[in-house]
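Here's the structure, in structure tokens; my notes come after.
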Amino acid sequence: MTLHQDLTKGAVDGVAVTATPRGLSAIQRPGCAAAIWERAPLESFQSWIDARALEELPRGRLILQPHAVRAAMHDMADLHGMPSCDERTMFVDDVAALSQIFATLMDAPYLRLRLGVVTGNACRKFHLDSLTARLICTYRGTGTQYALAEEDGEPTEVFTAPTGSPIIMRGTRWPSGLPRDVLHRSPPIEGSGEARLVLVLDPIQDLEAAQREEALH
């Protein structure tokens, strides 16, 4: 199957939607501002992760090589008391696989991995990230929202990446610009009682510079 056959037209111009992980490479194509691997999590996995107490959901911020993600995720899961079971293994393996896919696409020797539990309105304004590209995957709760930038204010038509579907978006440091940017935000969930579990991956080319930046946080 060719890349062209893997892709379908997204609801937003400049957004590629793929049914396979290799289709995420569309982010490298001219005119593509974002790529979504549209997939449906196994019902058993989604029920399991949705039922976890918040304190069991792993969270952290690390800079590491892609091959080290699996071990780091197991350590993070142990630290937060996530039960050891088939579903946890699926979760850890998926984060490790997405890390390897993204690092290969970005030709990045290191990644910044952030895993967070969100219960309020984090980054509710539409924006572009100040980096080359970013991968976001929401494992629990409402997915990342995206829209075309408007010249005269906030976007009027908003789309939501499906839960469990990773989305890669170009940032302001991507080498070539686009006619219109695809912006994104965290969905506003304040007061809803919803808890989101969100993975964010950033490519790191200069380890020392990234470590200095981390020291400022």
Side-chain angles (χ1 to χ4, degrees), residues 1-41 66 94-95 97-114 122-139 142-188 196 198-206 209-210 213:
M1 182 178 289
T2 65
L3 175 63
H4 178 73
Q5 290 172 319
D6 285 344
L7 297 176
T8 60
K9 182 174 174 55
V12 176
D13 287 341
V15 177
V17 180
T18 175
T20 67
R22 65 179 177 177
L24 289 171
S25 63
I27 196 66
Q28 304 282 4
R29 298 170 66 181
C32 184
I36 301 173
W37 174 13
E38 195 169 57
R39 57 182 187 167
D94 194 70
V95 173
L98 290 182
S99 298
Q100 188 60 63
I101 290 168
F102 186 57
T104 300
L105 279 175
M106 297 294 108
D107 193 23
Y110 294 88
L111 295 172
R112 178 185 291 110
L113 182 154
R114 288 189 288 130
C123 298
R124 63 181 178 179
K125 288 197 171 187
F126 281 101
H127 64 283
L128 283 175
D129 295 310
S130 181
L131 36 70
T132 52
R134 169 168 285 172
L135 182 148
I136 302 176
C137 184
T138 304
Y139 284 96
T142 306
T144 294
Q145 294 183 328
Y146 60 95
L148 278 174
E150 301 287 352
E151 294 182 359
D152 55 353
E154 286 286 292
T156 55
E157 193 169 18
V158 177
F159 302 87
T160 303
T163 302
S165 295
I167 177 171
I168 298 176
M169 291 162 288
R170 291 186 185 184
T172 59
R173 298 182 191 175
W174 190 271
S176 57
L178 294 165
R180 293 179 72 187
D181 292 317
V182 173
L183 310 178
H184 68 279
R185 72 174 181 184
S186 295
R196 304 172 64 232
V198 184
L199 169 71
V200 179
L201 298 174
D202 300 334
I204 299 294
Q205 301 293 342
D206 186 333
E213 181 183 336

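All residue numbers refer to positions in the sequence shown, counting from 1.
Partners of Arg170 by side-chain hydrogen bond (donor to acceptor under 3.5 Å, both in side chains), not counting sequence neighbours: none found. When the side-chain hydrogen bond (donor to acceptor under 3.5 Å, both in side chains) test is applied to Tyr139, the partners found at least two apart in sequence or on another chain are Asp94. Residues satisfying the side chain to side chain contact (heavy atoms under 4.5 Å, CB included) criterion with Leu128, sequence neighbours excluded, are Thr172, Asp181, Leu183. Every side-chain hydrogen bond (donor to acceptor under 3.5 Å, both in side chains) that Arg173 has, sequence neighbours left out, goes to Ser130. Evaluation of the side-chain hydrogen bond (donor to acceptor under 3.5 Å, both in side chains) rule for Thr163 yields no partner, not counting sequence neighbours.
The shortest heavy-atom contact between Ala35 and Leu24 is O-CD2, 3.7 Å. Taking each heavy atom of Ile168 and Ala133 in turn, the nearest pair found is CG2-CB, 4.3 Å. In plain terms, the two heavy atoms of Pro203 and Leu111 that are nearest each other are CA-CD2, 4.1 Å. When all heavy atoms are compared, the tightest approach of Leu199 to Leu113 is CD1-CG, 3.9 Å. When all heavy atoms of Thr138 and Gly143 are compared, the closest pair comes out as OG1-CA, 3.6 Å. Minimum interatomic distance between Pro166 and Arg39 (heavy atoms only, all atoms of both residues): CD-NE, 3.5 Å.
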Can I get a per-line list of side-chain donor-acceptor pairs under 3.5 Å for residues 98-110, giving both atom names and the distance, sequence neighbours left out?
residue	atom	partner	partner atom	Å
Ser99	OG	Val95	O	2.8
Gln100	NE2	Thr104	OG1	3.3
Thr104	OG1	Gln100	O	2.8

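Rounding to the nearest 0.5 angstrom, the gap separating the CG atom in Asp202 from the CG atom in Leu135 is 9.5 Å. In this structure, CG on Leu131 lies 9.5 Å from CE on Met169, to the nearest 0.5 angstrom. Arg22 contributes atom CZ, which lies 12.0 Å from atom CH2 of Trp37 (distance to the nearest 0.5 angstrom). In this structure, Leu201 CG and Arg112 CZ are separated by 11.0 Å, a value rounded to the nearest 0.5 Å. Between the OG atom of Ser165 and the CD1 atom of Ile36 there is a distance of 7.5 Å, given to the nearest 0.5 Å. Here the straight-line distance linking atom OH of Tyr146 with atom CD1 of Ile136 works out to 12.5 Å at 0.5 Å rounding.
Side-chain contact check for Arg196 versus Ser186: some heavy-atom pair is nearer than 4.5 Å. Side-chain contact between His184 and Gln145 is absent, with no heavy-atom pair separated by less than 4.5 Å. By the 4.5 Å heavy-atom criterion applied to side chains, Glu38 and Thr18 are not counted as neighbours. In this structure, Thr160 and Thr144 have side chains that are not in contact, with every pair of non-hydrogen atoms separated by 4.5 Å or more.
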### Task
In sequence, state the C-alpha distance, the side-chain angles, and the governing distance for Phe126 and Val158, and then conclude on side chain to side chain contact (heavy atoms under 4.5 Å, CB included).
CA-CA 10 Å; Phe126 281 101; Val158 177; 3.7 Å; yes
### Query
Checking side chain to side chain contact (heavy atoms under 4.5 Å, CB included) for the pair Val15/Asp13: CA distance, chi angles, key distance, verdict?
CA-CA 6 Å; Val15 177; Asp13 287 341; over 6 Å; no
